[in-house]
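Please read the structure below before turning to the comments.
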Amino acid sequence: MAAPPDALLQRFPDHTWSSVTDGLSGALVWRLHGPSELFVKVAGASPHLDSGFDVRAEVERTRWLAGRGIPVPEVVDAGTTGAEHWLITTAVAGLPAAHAWSAEQVPAVVDALADLTRTLHALPVEACPFDRSLSVTASAARHAARAGLLDLDDLDDERAGWTAEELLAELEATRPDDEDLVVCHGDLTFDNVLLDPATATVTGLIDLGRLGRADRCADLALLTGELAGTNWPGAVERFLHRYGGPAPDPARLAFYRLLDEFF
Ligand SMILES: Nc1ncnc2c1ncn2[C@@H]1O[C@H](COP(=O)(O)OP(=O)(O)O)[C@@H](O)[C@H]1O
Ligand SMILES: [Mg+2]
């Protein structure tokens, strides 16, 4: 396990540092307890083109989303130490959506996820400076496949054993002709949404490095995929009903789940 940069350790000598991630996404995350409750995220240069691997992208997106009606951690500070970029945020209280909620809590959690997603997607898309349309993300996916950066041992079951070339061919064959662009989180998984365990209201949306203008199905694909993997009765249908609008096209959802395999 890598150690935090000395410059950051020296800055918070009275905090207890505990490691949170193993750097699977390329970033290392620590939780700091003590005089304040903070999170520190550090990552060096990544061979990926995707913004989700760049801590600087997360810094600017977190700052942008703050004050727009969606709770996000406050950026306490950010900067560069040698070859590494770092982000310090306040800790968001609450439990991840992935928590083992009681049967009584589940409907409120699903509703809170739908309300959060609808509110995010209703932000004025033209005001969002981050382009995550397919011209950007499919190019980054192609680069990741050709550069040998895919984690082929961690594919969805339906694609287990596929090669990078097979994934890329499927991506190109199923790419939608148009995009219904909204402000998307871009990595809207259960771990990245925190909720108050008492009220099941969202306390924070975190891990914002992939936020930007993308087809709404980019978010809906990941979140409905997560909901489908629970034993929460009727969760996908409840979520989509509360999110509102026409039912998303299953082929488009499948495409965005495939796209996620590249990152
Ligand atoms: N500001 C924060 N408040 C609360 N928990 C956080 C915060 N930042 C990170 N975490 C915790 O650390 C985990 C990893 O951080 P995250 O930014 O999601 O990194 P990764 O890119 O590795 O998914 C999160 O799933 C969450 O449990
Ligand atoms: Mg995360």
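These figures come from a predicted structure and were not determined experimentally. Counting starts at 1 for both ligands and their atoms, following the listed order.
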Verify the distance criterion only: is there a donor paired with an acceptor across the side chains of [X] and [Y] at less than 3.5 Å?
| X | Y | value |
| --- | --- | --- |
| N192 | H185 | no |
| T81 | W86 | yes |
| H33 | E37 | yes |
| Q105 | S102 | yes |

Where ligand 1 meets [X] - atom numbers and elements under 4.0 angstrom, heavy-atom basis:
| X | answer |
| --- | --- |
| T21 | 14 (C), 22 (O) |
| P73 | 1 (N) |
| N192 | 18 (O) |
| I206 | 6 (C), 9 (C), 10 (N), 24 (C), 26 (C) |

contact_flag A91 ligand 1 heavy-atom lt 4.0 Å: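 Under 4.0 Å: yes for A91.
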
Ligand 1-proximal atoms of K41, by part, heavy-atom distance under 4.0 Å: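 Within the 4.0 Å criterion, K41 contacts ligand 1 through side-chain atoms alone.
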
Part of T90 within contact of ligand 1 (heavy atoms, under 4.0 Å):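 The answer is the backbone of T90.
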
Parallel, tilted or perpendicular: ring planes of W17 versus W30, cut at 30 and 60 degrees: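 It falls in the perpendicular class, over 60°.
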
Parallel, tilted or perpendicular: ring planes of Y243 versus F239, cut at 30 and 60 degrees: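 Parallel.
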
Partner residues of E74 under the side-chain hydrogen bond (donor to acceptor under 3.5 Å, both in side chains) criterion, sequence neighbours left out: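 With neighbours one apart ignored, the set is empty.
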
Residues which pass side-chain hydrogen bond (donor to acceptor under 3.5 Å, both in side chains) with R257, listed by chain and number, not counting sequence neighbours: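 R257 satisfies side-chain hydrogen bond (donor to acceptor under 3.5 Å, both in side chains) with T224 once adjacent residues are dropped.
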
Number of protein N, O or S atoms [distance to the Mg ion (ligand 2) under 2.8 Å]: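 My tally for this metal is 2.
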
Shortest heavy-atom approach to atom 20 (P) of ligand 1 - which of V20, D207, L194: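 Ranked by closest heavy atom to atom 20 (P) of ligand 1, first place is D207.
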
Options F53, F39, F190, ranked by nearest heavy atom to atom 7 (C) of ligand 1, top entry: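 Minimum heavy-atom distance to atom 7 (C) of ligand 1 goes to F39.
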
Pairs meeting criterion salt bridge (charged side-chain N to carboxylate O under 4.0 Å, His left out) with involvement of residues 181-203, two or more places apart: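 The answer is D187-R210.
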
Shared hydrophobic cluster for L223 and V202 (ILVMFWY, side-chain gaps under 4.5 Å):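 Yes.
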
N/O separation below 3.5 Å, T89 to ligand 1: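 There is such a contact, yes.
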
Salt bridge present between E172 and R142 (N-O < 4.0 angstrom):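 Yes, E172 and R142 are salt-bridged.
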
